[in-house]
Amino acid sequence: MNRKIVCFAGLKKFFGDETSVEVAPEESYANLLEKLGELNPEAKEVLTSCRIAVNEKFVPLDETIKDQTTLFLIPPSSGG
Amino acid sequence: MNRKIVCFAGLKKFFGDETSVEVAPEESYANLLEKLGELNPEAKEVLTSCRIAVNEKFVPLDETIKDQTTLFLIPPSSGG
Amino acid sequence: MKHIQNTAINYSELFDDFRHPHSGAVVLFSGEVRDNNKGRAVTHLEYEAYAPMANKMISEILEEAKSRFKLNQAACVHRVGRVEISGCAVVVITGSGHRKEAYDANRYIIDRVKNEVPIWKHEFFADGTSEWGQNCDCVSNDHHNHQHHHHYERAE
Amino acid sequence: MKHIQNTAINYSELFDDFRHPHSGAVVLFSGEVRDNNKGRAVTHLEYEAYAPMANKMISEILEEAKSRFKLNQAACVHRVGRVEISGCAVVVITGSGHRKEAYDANRYIIDRVKNEVPIWKHEFFADGTSEWGQNCDCVSNDHHNHQHHHHYERAE
């Protein structure tokens, strides 16, 4: 199953505004971050501190990717 | 020597806008507060927490009253 | 006088003027008149000051805060005269590179102004009485050990 | 969106509207763009946000602050888009009966907004380069143990 991933801020340098990754059933969000790191090894460091949001809520990374909606890849906040 | 004392806020109830007290040479500001307490015993309690200012500066109460200028009797602050 | 005024404090204007290219954090505190105090309905306040001394002391407190904290700017204005409910009695503005200093300095200034500067609050209550404050924020009834424990009803 | 906007923040108006008869203390924090950061001259910033989520999270943080502290009111607006030097990037206003709560709640809100809400700062430097922040106020170089340690130069 191909999942659409929306990227923000500095992540766009590595993946553009959005990218997509093929995920198998039972894979977790952490697995998805790993795959993104393989896609672009330069992004590996920042990916270790990224969170993932689904439906405007952060998801625990060890959870299985469950729904069909778009994933949002959230780098560390730097507002204010 | 008769000293003029300017009063503020709640002190006016006891002494009016200003009052005067006769002080002998070598008397301290603390002595002056005592005399004011004798003038109006109801004021004794608040006088224990009053400060005295001369030339826009607080003076140590145990100091001898030394100059000719007006004394300002300063009750506890309650601004803000 | 710069720090004492008997007309409404225009904090918007004070704040708009308070820009500094090195300031990343600006904190404004406004002390306002509440409609109640210790369970009693308040109609308005009147502030009295020993104005020249109060002005001088506030100026000194601001200078001390600027050197103690890393402030680019600091301002404080206190009202005298009648202030209505929700009216601004005192304003403190601090500007610094980072927010910690701006907050800490702001609080330092207002605490010292409230505790030390010769300004007095006269509270007018809905029942027609009035009282000279008493400034303590302390909720405790143990007022014996500090010096701000007085309130004395005014004979009307 | 109530808490995210791409036009200048009119803090004077926000502050003027922020009156409450039970509030004795109103604290306003304005986070502004400094002309320098870590020794480098800054020309301006641009903020990006995952706006619907940021808006929702700020709203939740305000509600939590209101119940955690004794606040009568709380407001927060964050800019997106280009903000010039001395421009306001974020404003937080809190109103409470007493000043301690107003200060503490204000700081609680800005700390959480800066650390948690999906908003990102893009710094533009005088030398023509730019960088995505890096938000930490920490002065220490030991960035290994917390999660806000990234900055990555953008290929222009």
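Computation of the quantities below employed the complete heavy-atom set of this structure, encompassing side-chain atoms and omitting hydrogens, waters and symmetry-equivalent molecules. Protein chains get the first letters and strands the later ones, always in sequence-line order, with residue 1 at the start of each.
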To the nearest 0.5 angstrom, please state how far the [atom1] atom of [X] sits from the [atom2] atom of [Y].
X        : Y       : atom1 : atom2 : answer
A:Lys57  : D:Lys56 : NZ    : NZ    : 4.5 Å
D:Met53  : A:Phe72 : CE    : CZ    : 9.5 Å
D:Trp132 : A:Lys13 : CH2   : NZ    : 12.5 Å
D:Lys121 : A:Ser77 : NZ    : OG    : 11.5 Å
D:Met57  : A:Phe58 : CE    : CZ    : 4.5 Å

Problem - Considering all heavy atoms, the nearest D:Glu116-A:Arg51 contact - result: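 Taking every non-hydrogen atom into account, O-NH2, 3.1 Å.
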Handout entry: A:Ser78 to D:Gly133 - nearest heavy-atom pair and separation
Key =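 So the minimum-distance heavy-atom pair works out to OG-O, 2.8 Å.
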Donor-acceptor pair, side chain of [X] and main chain of [Y], under 3.5 angstrom:
X        : Y       : result
D:His122 : A:Ala9  : no
D:Trp120 : A:Pro75 : yes
D:Tyr50  : A:Cys7  : no

Problem - Heavy-atom proximity to chain A below 4.5 Å, by part of D:Ala54 - result: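 When you check distances to chain A, no heavy atom of D:Ala54 falls under 4.5 Å.
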Handout entry: Residue A:Glu26 excluded, over 12 heavy atoms near CD under 6.0 Å
Key =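 12 or below, so no.
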